[in-house]
Amino acid sequence: MAPKPNSEIEQWRSSIQARWGIIDWKAKFPWWRAPAEVRILIYADGAVRFNGGPFMGLNYVRTLVDSSAYFYVDFKIDTVHRDGTDPDASIPGTKLLTDLDILNKYDEVWFFGASSVPTLSAAEVTLLDQFMAAPKSGGVLVTGDHANLGRGIAGQITRAGAMRLYPAPDAVFPGWNTTLEEGPDANTTFDFEDQSDDRPQTIRWRRYPVGPLAFRYRPHPVLCGPNGPIAVLPDHQHEGEALAPVPAAGDPHWPTKAGHQEAADVIAWGRIKDPAATRHGQEIGVVSAYNGHNVDVGRIVADSTWHHWFDINLTGALPPPSPYAGFDETAAGHAALKQIDAYFLNVGVWLAPPDKQAAMRNAAWWSVLWSDQVFELSPKLPLFTLGEQAIDALGLRASRCTVTEWIVVDKIFKEKIPRWEWPQLLERLPLVNIPFEQYAAGGILRELMQTVGPANAKLRFPERAPDDKELDRAISAGVDAGLTALAKQLRSEVELALKLAETGFRADATERK
């Protein structure tokens, strides 16, 4: 396939900007807080090319990630080809991982390997272990395709190597993992070209309880879109398979913290719809994830196929008006593409190390303070009300799952109530809708308004954005204030319930007399 011309890439850039409503906030407000900088190395081998080649490259994904669609993060991308055969790699020449200063230069490494034969040296495996270990906690994306494709690199990486199936079913009818949706042509067969139309596969996402109490559910943050759960991905005729390996107790490759051993989850499944396929109707894992931050190591996302990411699946194999011109050419395709965009962006956000996660959160909170919705609010409003306003305002800037991660997961159920204490919490608390999120968000918003925001008369028109330390202090103090207010409210409700119960008991006793 020929390389993409610059004119087509510019067209995608304009399309992305319109679809996401991208604004240059720094140009509008000089005191706007700089986004978190997340540095990503995209590392390929074999037949994978960054521009052109048999899969048409990774031009669309690189254009999207470079677009500032999420204003609170600025992704910096380098590309390198292990074999030194791709002239479009930003770092030229043959490069082993040990030739690259990944410990100091990058926060994440995304692997798009095609080689089936393990090629990493022992020194490279050790380097990746160091990259994913604390305090770096670098994130890793592993991909591949059918059979053993991708195993050459990803199969050897600690933990990540067990999160894709090797060998997966081969690219052979009828036993292949086909997730194709029937295409726009006149016949009724599932054709290979159907991967290049505007019809994605529908996926089923795993339901996660919000916090330890199972009264609200959400998808994994990687699959939380701008308008709800991400329910589609590009389709392909012969995918690999994402797995959730069960680690053996005490296995040093799957670390523990305070007795808790983190395991991977399959977070999305696709379905084989072709009636002629052997496994027609069955589901396969299409994305799995490992939250290493819970045990002080890096996070991992494993994708069943790099075809979810390649131009041939996203922007089509043929130019318009062909029905195989990809998602960016029709209204239906645009609706699907915004969900798929969010998946790619979410991977970059979720894999980032904890310090970059905090910087993203701080950038989002700073922006909320100066929104029309918040600017004129009184800090004297009840914390619950302030929290509702804060969550709503944040939700206009980030997915609802990300907002919950920033407030509930990171600031309450990690710092205040670690995961390994959840069972004891459940024993002590009834399964009721305790508004942790609203009170914590209200406490944060009030503290920010009064210390660095519009409720502070000296800072109502700021000259600069506060640094991370200032924001971290205010956010932590706000969480404490919110949880203190929540505890007081819960005690009042319990005391009232006891009084009502006692009154009812006395009345009943009087009647019996």
Side-chain angles (χ1 to χ4, degrees), residues 72 208-218 221 224 228 358 361-418 421-422 425-426 428-456 459-460 471-501:
Y72 49 85
Y208 286 91
V210 178
L213 308 179
F215 55 83
R216 284 173 49 208
Y217 293 89
R218 65 171 194 187
C224 224
R361 179 197 68 218
N362 290 349
W365 272 111
W366 176 249
S367 76
V368 162
L369 289 179
W370 310 102
S371 66
D372 292 343
Q373 185 172 351
V374 169
F375 187 78
E376 295 185 7
L377 286 178
S378 169
K380 296 180 181 179
L381 287 169
L383 285 189
F384 186 89
T385 302
L386 286 174
E388 287 184 323
Q389 293 295 315
I391 291 167
D392 187 56
L394 284 167
L396 297 175
R397 291 155 173 78
S399 77
R400 190 64 181 79
C401 298
T402 301
V403 174
T404 298
E405 285 277 308
W406 286 338
I407 299 170
V408 176
V409 178
D410 290 345
K411 301 306 295 182
I412 299 177
F413 293 123
K414 280 185 181 176
E415 294 184 9
K416 308 296 182 183
I417 312 171
E421 293 183 8
W422 290 5
L425 176 71
L426 290 174
R428 295 196 301 266
L429 291 176
L431 295 180
V432 295
N433 190 358
I434 298 175
F436 289 107
E437 191 169 13
Q438 286 83 356
Y439 273 88
I444 293 170
L445 185 60
R446 178 182 287 173
E447 188 70 20
L448 288 172
M449 291 171 71
Q450 293 178 331
T451 57
V452 296
N456 185 327
L459 301 173
R460 193 167 178 81
L471 289 170
D472 285 340
R473 279 195 299 268
I475 289 172
S476 294
V479 171
D480 289 339
L483 294 183
T484 299
L486 173 60
K488 183 178 180 181
Q489 178 67 26
L490 290 175
R491 281 196 299 271
S492 298
E493 291 178 3
V494 169
E495 289 171 2
L496 178 60
L498 290 173
K499 287 180 181 179
L500 290 174

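We count residues from 1, following the sequence as given. All values below were derived from every heavy atom in this structure, side-chain atoms included, with hydrogens, water molecules and symmetry-related copies excluded.
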Atom [atom1] in [X], atom [atom2] in [Y]: separation rounded to 0.5 Å?
X: I407; Y: Q438; atom1: CD1; atom2: CD; answer: 8.5 Å
X: L394; Y: S399; atom1: CG; atom2: OG; answer: 11.0 Å
X: L383; Y: K488; atom1: CG; atom2: NZ; answer: 10.5 Å
X: Q389; Y: L377; atom1: CD; atom2: CG; answer: 5.5 Å

Test ring pair (Phe, Tyr, Trp, His ring centres under 6.0 Å) applied to Y208 - qualifying residues, sequence neighbours left out: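 If we apply the ring pair (Phe, Tyr, Trp, His ring centres under 6.0 Å) test to Y208, skipping adjacent residues, the hits are H220.
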Do [X] and [Y] have side chains that get closer than 4.5 Å, going by heavy atoms?
X: I475; Y: W406; result: no
X: V368; Y: L448; result: no
X: V479; Y: I444; result: yes

If I compare all heavy atoms of [X] with all of [Y], which pair ends up nearest, and what's the gap?
X: W370; Y: V452; value: CZ2-O, 3.8 Å
X: A398; Y: V403; value: O-CG2, 4.2 Å
X: A393; Y: V374; value: CB-CG2, 4.2 Å
X: Y72; Y: T402; value: OH-CG2, 4.3 Å
X: T451; Y: A474; value: OG1-CB, 3.8 Å
X: Y217; Y: P209; value: CD2-N, 3.7 Å

Practice problem: Given side chain to side chain contact (heavy atoms under 4.5 Å, CB included), test L483 with F436 step by step and report yes or no. | Solution: CA-CA 7 Å; L483 294 183; F436 289 107; 4.2 Å; yes
Tell me every residue that passes side chain to side chain contact (heavy atoms under 4.5 Å, CB included) with A390, counting only those two or more places apart in sequence or in another chain.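 If we apply the side chain to side chain contact (heavy atoms under 4.5 Å, CB included) test to A390, skipping adjacent residues, the hits are W365, A441, L445.
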Residues passing the side chain to side chain contact (heavy atoms under 4.5 Å, CB included) test with A358, sequence neighbours excluded, are R361
_Using only atom types and a distance under 3.5 Å, with no angle test, would you say the side chain of S476 pairs donor to acceptor with the backbone of R473?_
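It does not hold such a pair.
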Under the 3.5 angstrom rule, does the side chain of T404 hit a backbone N or O of R400 as a donor-acceptor pair? yes
inquiry  = Show, in sequence, the C-alpha distance, side-chain angles and deciding distance for Q489 and F384, and conclude whether the side chain to side chain contact (heavy atoms under 4.5 Å, CB included) test is met.
reply    = CA-CA 11 Å; Q489 178 67 26; F384 186 89; over 6 Å; no
Check your understanding: Is there a side chain to side chain contact (heavy atoms under 4.5 Å, CB included) between S371 and R397 once you walk through the steps?
Key -> CA-CA 11 Å; S371 66; R397 291 155 173 78; 3.1 Å; yes
